[in-house]
Every structure is written in structure tokens, then in C-alpha cells.
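Here the structure is laid out as C-alpha cells; the discussion comes afterwards.
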Amino acid sequence: MARKGPESTRSAQLLAWYDANARVLPWRARPGETADPYRVWLSEIMLQQTTVQAVKAYFEKFVALWPTVSDLAAAPLDDVLKAWAGLGYYARARNLHACAKQVVMRFGGQFPEGEEALRGLPGIGPYTAGAIAAIAFGGRHAAVDGNVERVISRIHAIETPLPDSKPEIRERAQALVPEARAGDFAQAMMDLGATICTPRDPNCLICPWAEHCRGRITGLAPSLPRKKPKKQVPTRRGVAFWIERADGAVLLRRRPEKGLLGGMMEVPSTVWSEAVTKPEAQAPLSAEWRKLPGLVEHTFTHFHFELTVWMAETITDGELRDDGDYRWTKREDIDGEALPTVMRKVVAHVLKD
DNA sequence: CACTCGTGGTA
DNA sequence: TTACCAAGAGT
């Protein structure tokens, strides 16, 4: 048998560090426990571009509501969207539900073990496929997320900016994955990135890889990985229409399946653009409008948003101008609706007066 | 490949 | 306040 290379030495060092420092997380199997692929998958979807802290409560809620993938697959999509409301990136919730149904229909309720098969399921991309294959099934796969990109960029002092450096990073990450304990190794890499090899001010003094980290040795570590500059975000504006019926119910509308906040509920609003012209012509119905003072502000990933609120009361509900997916919701039921955060801000803005 | 797609925390 | 960032995927 060939002598083991430097990669296996480094893998062993990191696993030893992990055994002593692993974080305890709700979705993570304790030492000796068998990983539950459903919990691994659910957590990985929720953790996409989302902090551990934000995910914890949602993860607990989901496993309480739906303990198995079959339970989740059997739930109405709207219930899933309601439970996901506030977590963001709502395409994940729709793909989560679609994926659960496929796992039941195509795989008898058991997640496939292969990275390739996992990659073909909705919402599972290169990172998540590798993570599930390694963590849930022990396959020798790298799970290359933002943490791993940072760690690998630093130990090899890769100065090529992202995303151009992705192929090299993936290659170097895969070379480090040990024959055994690939799942622990994947989680160790992420723990290292989250607790020591942090974006700002990395703590190289206690890093298990400090000795041979090219980034630390050259002094480049804190400035890595380099990234291509991103364009600045524009501002969009709109008007939301808060319409109350005589019995106190409020008019809500479901957004289109695709696009921003797809499938979620909203307080009916105009188009969102730089300048809104003739808001009253875009209202769901004709009414005497009262403009609420103040603004609802919200920042999305790629634009800032300023929403003003117009209010009106109506006697009947048979005068809607279009055949949009409207629903009258009682005031006390609004909190339970699938409202994204920006729309909850609208509700709070109206109710505070 | 560049862009779209949320939210909350931090310096 | 602004900017960046966090276990990315889909188009």
C-alpha cells in the first residue's frame, strides 16, 4: 500500500479537532447515532444562504409538524409555505415540498444514497447533494459551501477571485476527503469555517491547520477569498392597498408561483418599480383611498424597497377588478397566513395606528 | 454565466 | 448608514 500523502495527514488533524470541538446542533447526529437522511436533507435546504441561528426554530417546527418525508409530502403546499414564512428564499419551500413528493413517489419514501440521484431532485444542487451523500450516507464526497471555499482559498492562498476559482477549490476540497468519516469531515470543514477560519479576523492561533496554511504564512488569509465586485442595488417603490370589509376581514392575494416571493400571500399592491404611476388604477377595486403616513422599508438581496400604504373600506366583496387569487382573511388569522416579512411589516405598519 | 431570489446579524 | 455576509439553487 502506498504511503499516505499530506492530504490524509491534514484530514486526520481536522477530524481530531472536530472530535474535540464539534458543535451540538439540532439536526446533527450525536456520536454513535445513525444520521436520519430526512433531517439531514431538511436542515441542508434550510441552511442554504441562511444562518444556523435563524434555522434552529424552523427546523424544530418542521420536524414537529412533519416527522418524516412522507408526512411532509402529504401536507398541502400552503401549509408548508405558512411554516416557512419569514425564513426567506421561498423557492426553497416549494422545491422542498416537490422533492418530498418525488422521494415518496420515485423512491418509496427513502432518499437515494448516490450524489447523482440526489442532484436530480428539486432544490438539491452540487453542494447539498455532496452534503447529504457524505453526512447521511458516508459517501466520499466534498460539500463545498461558502465556508469550504474560504478555508480552501486560504490554506492554498488562492488569489483568483470567486467564482473563477471554484473549479480549483472543488478539486482541492475533494482531495482532502478521507476514505472514512466523510460526513464528519464535511461538518468539520464547516465548523472550522464558522468558528475559526471566519470571514473577518480569522483566529489562526488556534487553527488545527495553521502550520501549513499558505494564507496564514503569506499574511493573505484575512483578505481571502477574493471576490468579483458586485453591482449596487437599486430602489423600487410601490403602493399596497389595505382593504377592510364591513366584517373586518382584510383582502389578501396570492403571488404568482414563480418569481419574487413566489406562491406567498401579499397585501395587494401595484407593480414594484422606480416610479409608480396611477396607483389607483392598479388597485384591486375602486374606493375612497386614505393614504397612511410613513413608509414601509425593506431590503431584498438585489434591491431596496419603499412601500406606501393606502387604506379603504368596502361594503361588498363582489367588485374586484381582476381574477387574481384573492382571499378575505379575518384579522386574527393574518398571522397564520403565508406572509413574507415585508408583508408582515405592512400589517404592523397598519395596525400600529 | 450573470442574474434572480429573503432575511437578520455584524462591524 | 452602508456593506458584507450566511451549510446555494434555478434559470
> When you measure from the side chain of Y89(A) to the backbone N and O of T50(A), does any donor-acceptor pair fall under 3.5 Å?
Replying inline: no
>> Taking the P atom in each of dC4(C) and dC3(B), what is the distance between them to the nearest angstrom?
In response: 16 Å
>> I want to verify a distance call: between dG10(C), dT7(B), dG6(B), whose nearest atom is closest to the T341(A) side chain?
In response: dT7(B)
> When you measure from the side chain of R28(A) to the backbone N and O of V40(A), does any donor-acceptor pair fall under 3.5 Å?
Replying inline: no
> dA6(C), dT10(B), dA9(C): which one has an atom nearest the side-chain heavy atoms of Y127(A)?
Replying inline: dA9(C)
>> Measuring only the C1' atom in each nucleotide, how far is dC1(B) from dA9(C)? A whole number of Å is fine.
In response: 14 Å
> What nucleotide, of dA9(C), dA6(C), dA7(C), holds the atom closest to the side chain of R23(A)?
Replying inline: dA7(C)
> Could one point to a donor on the side chain of R200(A) or the base of dA6(C) with an acceptor on the other under 3.5 Å away?
Replying inline: no
> Looking at the side chain of Y90(A), which of dT7(B), dA7(C), dA2(B) is the nearest nucleotide?
Replying inline: dT7(B)
> Looking only at atom P, what distance separates dA11(B) and dA7(C), rounded to whole Å?
Replying inline: 15 Å
>> Taking the minimum atom-to-atom distance to the side chain of K228(A), which one of dA6(C), dC5(B), dA2(B) wins?
In response: dA2(B)
>> Ring centres under 6.0 Å, that's the criterion: do F300(A) and F303(A) meet it?
In response: yes
>> Taking the minimum atom-to-atom distance to the side chain of K227(A), which one of dA9(C), dC5(C), dA7(C) wins?
In response: dC5(C)
> Of Q232(A) and I124(A), whose nearest nucleotide on DNA chain C comes first from the 5' end?
Replying inline: Q232(A)
>> OP1 or OP2 of dC3(B) versus the side-chain N and O atoms of H302(A): is any pair under 4.0 Å?
In response: no
> What distance, rounded to whole Å, do you find between the two C1' atoms, one in dG6(B) and one in dC5(C)?
Replying inline: 13 Å
> Which value, rounded to the nearest 0.5 Å, describes the distance between I158(A) atom CD1 and D164(A) atom CG?
Replying inline: 12.0 Å
>> If you assign Y89(A) and D164(A) each to the DNA chain B nucleotide with the nearest heavy atom, which residue ends up on the more 5' nucleotide?
In response: D164(A)
>> With a 6.0 Å cut-off on the ring centroids, do W41(A) and F111(A) count as close?
In response: yes
> Among dG6(B), dG10(C), dA7(C), which is the nearest nucleotide to the side chain of R28(A)?
Replying inline: dA7(C)
